[in-house]
Amino acid sequence: MYELSLLCPEGRIEAVGEALEALDALSVSVEDADAQTEAEQALFGEPGMPPPRDGWQRSRVVALFPTQEAAGEARALLEVQDFFDGCRVLGLAEVPDQDWVRLTQSQFAPVEITPEFWIVPTWHELPAQAKRHIRLDPGLAFGTGTHPTTRMCLRWIAGRGGDFGRVLDYGCGSGILAIGAAKFGAADIDAVDIDPAAVESTRLNAEANGVALKAGLPEAAQGRYGTVLANILATPLKVLAPLLCAHVDAGGHLVLAGILERQAEELREAYAPWLPLQVSDAEDGWILMTAAR
Ligand SMILES: C[S@@+](CC[C@H](N)C(=O)[O-])C[C@H]1O[C@@H](n2cnc3c(N)ncnc32)[C@H](O)[C@@H]1O
């Protein structure tokens, strides 16, 4: 395969991306051309919402083509378009054949949640000190343990150690939190997500880990729970405040993640009519907020 790399200003990303797709690119990726430099710009988007901007101030657009001719033709056609003004070709290069499966696998090492609790891909040996573990491979749904928000929820689960009551994992993704709770003894677990692929993924991952849980769409969450876990993002968490709080049983716990440090106050305010949230963990600019009823 051959990759055509372009440098584009923000205003050109959409037109160039659409043109590359029309030119039968196998894939088109857009990254911050200033990543890992002083000029890097964070660009956060909420799921279900349009992206805050089309791209970075300077984006590197990489399109993959099956042959050198196809990539060269795309390059020649793009360079004569009006909308290519301000863009520039960075290069056209052959992508060396690799064992992509092995390469992808090599990027996922076991993740330590606590010294005794690990998330381990199926192709890795279990670390000797892992007294508890979840076997999980990266798949279609979010939640491999590599993101700080997931890790903080799992740390909370490990720290509590048991006595969860009924567990609700709201926005379960891969099911990692529900499975984690099961590994610490939770027995009655509902895991729900708006994405049917996440529900399926949770079912398969639970089965692979020998864990019993009920996975379904959000309406499957019914009644009160001793533990309600929701790692989503600040905006949906605010919308879900009355619903999530209504699921927390007397003496139960609410655990929220997907919140940036600067969003703590708005979350506290959104939940204040029902439960008093407090920050109970922090990692890489993300926080964990919890409340007890
Ligand atoms: C950041 S992932 C978290 C996955 C996993 N629980 C973890 O901690 O790694 C958020 C998940 O919430 C789901 N989600 C987003 N909005 C939702 C909503 N309103 N109701 C239920 N699930 C939602 C997404 O589909 C996604 O799978």
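In listed order, ligands and their atoms are each counted from 1. Just so it is clear, the model here is predicted, and its values are computed rather than measured. For the numbers below, each heavy atom of this structure counts, side chains included, while hydrogens, waters and symmetry mates do not. Numbers for residues simply follow the sequence, beginning at 1.
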Q: Taking CD in Gln81 as the centre, count heavy atoms belonging to other residues, nucleotides or ligands within less than 6.0 Å. Is the count above 12?
A: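 Yes, enclosed.
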Q: Minimum heavy-atom separation for Gly171 to Asp193, with atom names?
A: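 That would be C-OD2, 3.3 Å.
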Q: Regarding ligand 1, does Ser174 bring an N or O atom to under 3.5 Å of one of the ligand's N or O atoms?
A: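 In this structure, Ser174 places no N or O atom under 3.5 Å from an N or O of ligand 1.
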Q: Within the 4.0 Å heavy-atom shell around Leu177, which atoms of ligand 1 are there?
A: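 Selected atoms, number and element: 6 (N), 8 (O).
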Q: Can you list the atoms of ligand 1 that are under 4.0 Å from a heavy atom of Ile176?
A: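 Every atom of ligand 1 under 4.0 Å from some heavy atom of Ile176: 7 (C), 9 (O).
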Q: Heavy-atom pairs closer than 4.0 Å: do any link ligand 1 to the side chain of Asn231, the backbone, both, or neither?
A: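 Both backbone and side chain of Asn231 come within 4.0 Å of ligand 1.
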Q: Residues two or more places apart in sequence or in another chain: which of them pass side-chain contact (heavy atoms from CB on, under 4.5 Å) with Leu90?
A: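 Applying side-chain contact (heavy atoms from CB on, under 4.5 Å) to Leu90 gives Ser5, Leu7, Arg60, Arg88.
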Q: When only distance counts, is Gly171 in polar contact with ligand 1, meaning an N/O pair under 3.5 Å?
A: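 Right, the criterion is met.
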Q: Give the numbers and elements of all ligand 1 atoms closer than 4.0 Å to a heavy atom of Gly173.
A: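 Counting from 1, the qualifying ligand atoms are 4 (C), 27 (O).
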Q: Minimum heavy-atom separation for Pro138 and Trp123, please, with both atom names.
A: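 Here Pro138 and Trp123 meet closest at CD-CH2, 3.6 Å.
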Q: Just heavy atoms, cut-off under 4.0 Å: does Leu229 contact ligand 1 by side chain, backbone, both, or neither?
A: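 Near ligand 1, Leu229 shows nothing, with every heavy atom at 4.0 Å or more.
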Q: Can you list the atoms of ligand 1 that are under 4.0 Å from a heavy atom of Asp195?
A: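 Heavy-atom distances to Asp195 below 4.0 Å select 25 (O).
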Q: Give a yes or no on whether a salt bridge exists between Arg155 and Glu283, defined as a side-chain N under 4.0 angstrom from a carboxylate O.
A: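 Between Glu283 and Arg155 there is a salt bridge, with a charged N closer than 4.0 Å to a carboxylate O.
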Q: What pairs with Asp284 under side-chain contact (heavy atoms from CB on, under 4.5 Å), at least two apart in sequence or on another chain?
A: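 If we apply the side-chain contact (heavy atoms from CB on, under 4.5 Å) test to Asp284, skipping adjacent residues, the hits are Pro148, Trp286.
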Q: Which one of Ile194, Thr235, Thr149 has a non-hydrogen atom at the shortest distance from atom 14 (N) of ligand 1?
A: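 Ranked by closest heavy atom to atom 14 (N) of ligand 1, first place is Ile194.
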Q: Give the atom numbers and elements of ligand 1 that come within less than 4.0 Å of a heavy atom of Ile232.
A: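 The list of qualifying atoms is 15 (C), 16 (N).
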Q: Less than 6.0 Å separating the ring centroids of Phe117 and Phe184?
A: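 Yes - the distance between ring centres of Phe117 and Phe184 falls below the 6.0 Å cut-off.
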Q: List ligand 1 atoms under 4.0 Å from Cys172, heavy atoms only on the residue side.
A: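 Ligand 1 atoms under the 4.0 Å threshold to Cys172: 4 (C), 5 (C), 6 (N).
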Q: So if I count the atoms of ligand 1 from 1 in the order they appear, which ones are less than 4.0 Å from some heavy atom of Tyr170?
A: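 Answer for ligand 1: 20 (N), 21 (C).
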Q: Are the aromatic rings of Phe142 and His147 close, with centres under 6.0 Å apart?
A: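 Yes, close enough.
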